[in-house]
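These numbers were taken from a predicted model, which means no experiment stands behind them.
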Amino acid sequence: MKKVQLNEFSINYDIVQTEQCPVMLDEQLYIEDKKLPRYFIGETTMTFFDFYHADSPDFQETDYRLSERFLQIIGRFPHTNQKKIALNESESYSIKQVPVYVTAKDYILAENNPEKYAKFREKMTMIQSLTPIIEDEAELVVGYKRKRLLLDGTYGSRELLEKGQEKNVQAIQEKLEYVNEMYYFAHYSYAAMVQFLPEYDITTYDQFHEAYGKFVYSFTITKNGKTIPLLWPDYLYHKPENHLEFGLLANTRQPRYLQFDEWEAKEPIMIEILADGFEDVRFETHLKQPMNVQPKLSKSEYTLGETICLSLDSGLVKELAKQEAKFELYKTKKTSENGYSLNYELLEEQLLMPSAQFEKTGRYQLKITSDVYGQLLFLFTIKQEG
C-alpha cells in the first residue's frame, strides 16, 4: 500500500484490492474508500505551442518562432500585456498565469506509474498553488475557463468547470464591433479591425488600452475547421489608433498563414480574442469572392506625371465600368474624393490614372469597395521629378 499526498489531501492506494483499498480506480489500481477531490486547480506558464496545441494540433513548436522582422517590430512595439505574455529563450512567446486543472484520478495514476507518465509529472511541477477542490467547494471557485493537464503531458482546450463561472468575468462582446475587412492589403491576404461601438466613445489609444487592449493575450482565426494562432504583431494596436488590427501575411511559406493562400466566396471564418478578466470575444463573418488577378499597384511611388497602374480582376473592372463599386481617393485620412470624378481609363484587367491630375505631391490612398470582392486599399506616394 502506498500513499499520495498533496497539500492537505492524502489517500492510500494499492495495485491489488485489499481491505484498506477496496475501491477500483483503474485496472490494477485500488484506493481507500474516501471521497476524491473534484479536481486540483492552479496556474502555470506555458509556451504558445503548449497553449494552442489542443485546438491547433497541426502546428509544430518551430511555427511559433518569431521571425527576425517580427523581433524588430516587437523592439518598437512590445506586447502591451506584459503581465501575461513574455518572450522566451526560443524566440517565441510564453503565456503566464494560465489557469489549469488536474483530475484526482490522473494525479494518482501518475504517482503510481511515474515512468509512464513522466511528461505529466514534469508539467505538474510547474503548476503553482495547486489546490484540491472538494465537491462542496466547487461552486465557490473563482475563475473562468481552465485547461486540463492530460496524462500524456499535453493540455486540453479551455473549458468552464462549473455552471455560472461565466459570470466571474466582465461582459464585453456586445460593446465591440468587427470592421474594415480588407483583401490583398499591403503584405496581407486578409486583414480587419476590432473596435468599440461609437456609443462607448473610445476614441484614443489610451482609452482603448485601459478599457480592453492591455488585457488581451490571445488572438486566433478559424477557417476550414483549422484554428490559426496569431502572434503579436500579426495583431496589435498602436498609437494613435483606438482599435485592434490584424492581418494574415501573404506570399509566405509559414504554415500559420497557408490557410489564406486560397479561399472561396462566402466561406465562414471565426475570430476569437481572449483577454484577462473578460469573456471570450467571437466574431463570425464570411469571406468575399477571391480574385483571379491579384490586385496590385505597379509600384508604391510615382513621379508627378507618371501613370498610376493598378492590376485588377476583370470582374471588378466591369463593376467599375458600371460604377457599381464604391471608388474613393483619400488625400488625407479624413478627406476623400469620388474616384469616378477623376481622369482614369479601364482596361481588361487594369485601372490607369495619370498622376498629373493631382494638385499636390504626397501620400494618397485609393479605396475600392465591392459587395462581391470586398474592400481594397492601396497606398502610394507622388513625388516631384528629380
Side-chain angles (χ1 to χ4, degrees), residues 2-13 25 31-32 34-55 64 79-90 92-114 116-170 214-218 274-280:
K2 296 181 181 179
K3 185 176 184 179
V4 168
Q5 179 144 5
L6 182 59
N7 297 336
E8 64 270 25
F9 167 75
S10 66
I11 194 168
N12 294 315
Y13 68 94
L25 181 69
I31 59 173
E32 63 178 299
K34 183 177 182 180
K35 197 167 189 179
L36 294 175
R38 191 173 178 89
Y39 38 74
F40 300 94
I41 62 171
E43 292 183 345
T44 192
T45 296
M46 61 180 74
T47 63
F48 268 34
F49 172 75
D50 282 339
F51 185 82
Y52 290 114
H53 182 70
D55 302 307
Y64 296 96
H79 200 293
T80 51
N81 191 346
Q82 295 291 310
K83 180 182 177 183
K84 196 81 172 177
I85 301 295
L87 272 174
N88 58 41
E89 295 176 354
S90 303
S92 59
Y93 287 117
S94 292
I95 304 183
K96 299 179 283 186
Q97 300 175 338
V98 180
V100 297
Y101 80 99
V102 179
T103 67
K105 179 180 178 180
D106 287 352
Y107 182 68
I108 297 169
L109 287 173
E111 286 293 302
N112 179 58
N113 200 334
K116 183 177 180 180
Y117 302 115
K119 288 186 178 179
F120 175 92
R121 288 167 55 82
E122 181 185 350
K123 295 285 179 66
M124 280 284 296
T125 63
M126 299 167 62
I127 300 176
Q128 301 170 339
S129 307
L130 200 59
T131 306
I133 303 297
I134 60 174
E135 195 79 33
D136 297 340
E137 297 173 333
E139 292 184 4
L140 303 176
V141 174
V142 176
Y144 190 38
K145 296 181 179 180
R146 293 181 178 271
K147 295 177 77 70
R148 177 182 172 183
L149 175 58
L150 305 171
L151 275 172
D152 63 2
T154 65
Y155 282 97
S157 301
R158 296 166 63 253
E159 57 183 311
L160 289 172
L161 300 188
E162 306 294 339
K163 291 181 180 178
Q165 286 186 331
E166 64 276 4
K167 298 176 183 177
N168 293 339
V169 290
Q170 293 185 55
K214 69 178 182 181
F215 302 102
V216 171
Y217 66 89
S218 173
L274 309 182
D276 256 348
F278 292 90
E279 66 178 338
D280 297 351

ask   = Any donor and acceptor pair, going by atom type alone, linking the side chain of K96 with main-chain N or O of Q82 inside 3.5 Å?
value = yes
ask   = How long is the gap from NZ on K105 to CD1 on I31, to the nearest 0.5 Å?
value = 10.0 Å
key: S157 to A54 - nearest heavy-atom pair and separation   = N-CB, 3.6 Å
request  = Look at the side chain of T154 and the backbone N and O of D152, then say whether any donor-acceptor pair between them is shorter than 3.5 Å.
outcome  = no
request  = Please confirm whether the backbone N or O of Y155 pairs with a side-chain atom of K123, one donor and one acceptor, at under 3.5 Å?
outcome  = no
task = Please indicate whether K2 has more than 12 foreign heavy atoms, meaning atoms of other residues, nucleotides or ligands, lying under 6.0 Å from its NZ.
result = no
key: Within-4.5 Å side-chain heavy-atom neighbours: P132 and E8   = yes
query = Is any side-chain heavy atom of E159 less than 4.5 Å from a side-chain heavy atom of K145?
reply = no
key: Interatomic distance, F215 atom CZ to T80 atom OG1 [nearest 0.5 angstrom]   = 10.5 Å
pair F40-I127: side-chain heavy atoms closer than 4.5 Å = no
request  = Report yes if the side chains of L130 and M124 come closer than 4.5 Å at any heavy-atom pair, otherwise no.
outcome  = yes
task = Compare all side-chain heavy atoms of D106 with those of R148 and state whether any distance is below 4.5 angstrom.
result = yes
query = Hey, does Q97 have a side-chain heavy atom less than 4.5 Å from the side chain of K83?
reply = yes
key: Atom pair OH (Y93) and CG (N88), whose distance is rounded to the nearest 0.5 Å   = 10.5 Å
query = Testing L161, V100, I134 for side-chain contact (heavy atoms from CB on, under 4.5 Å) with Y39, which one passes?
reply = L161
request  = Answer yes if the side chains of S218 and Y52 hold a donor-acceptor pair under 3.5 Å, and no otherwise.
outcome  = yes
Interatomic distance, L274 atom CG to Y144 atom OH [nearest 0.5 angstrom] = 8.5 Å
task = Compare every heavy atom of A110 with every heavy atom of Y117, then report the nearest pair and how far apart it is.
result = CD1-CA, 3.7 Å
request  = Give, for atom CG of D50 and atom OG1 of T45, the distance between the pair rounded to the nearest 0.5 Å.
outcome  = 11.0 Å
task = Look only at the side chain of E32 and the backbone of N12, and say whether a donor-acceptor pair between them is shorter than 3.5 Å.
result = yes
query = Is there side-chain contact between I11 and L36, with at least one heavy-atom pair below 4.5 Å?
reply = yes
ask   = Once you round to the nearest 0.5 Å, how far does NZ of K34 lie from OH of Y13?
value = 14.0 Å
ask   = Do R146 side-chain atoms and G42 backbone N/O form a donor-acceptor pair below 3.5 Å?
value = yes
4.5 Å side-chain heavy-atom contact, F48 and I95 = yes
remark   = Residues N7 and T131: closest non-hydrogen pair is ND2-CA, 4.3 Å
ask   = What closest approach, in Å, do K84 and P99 show between heavy atoms, and which atom pair accounts for it?
value = NZ-CD, 4.4 Å
request  = Take Y64 and F51, measure what side chain to side chain contact (heavy atoms under 4.5 Å, CB included) needs, and give me the verdict at the end.
outcome  = CA-CA 11 Å; Y64 296 96; F51 185 82; over 6 Å; no
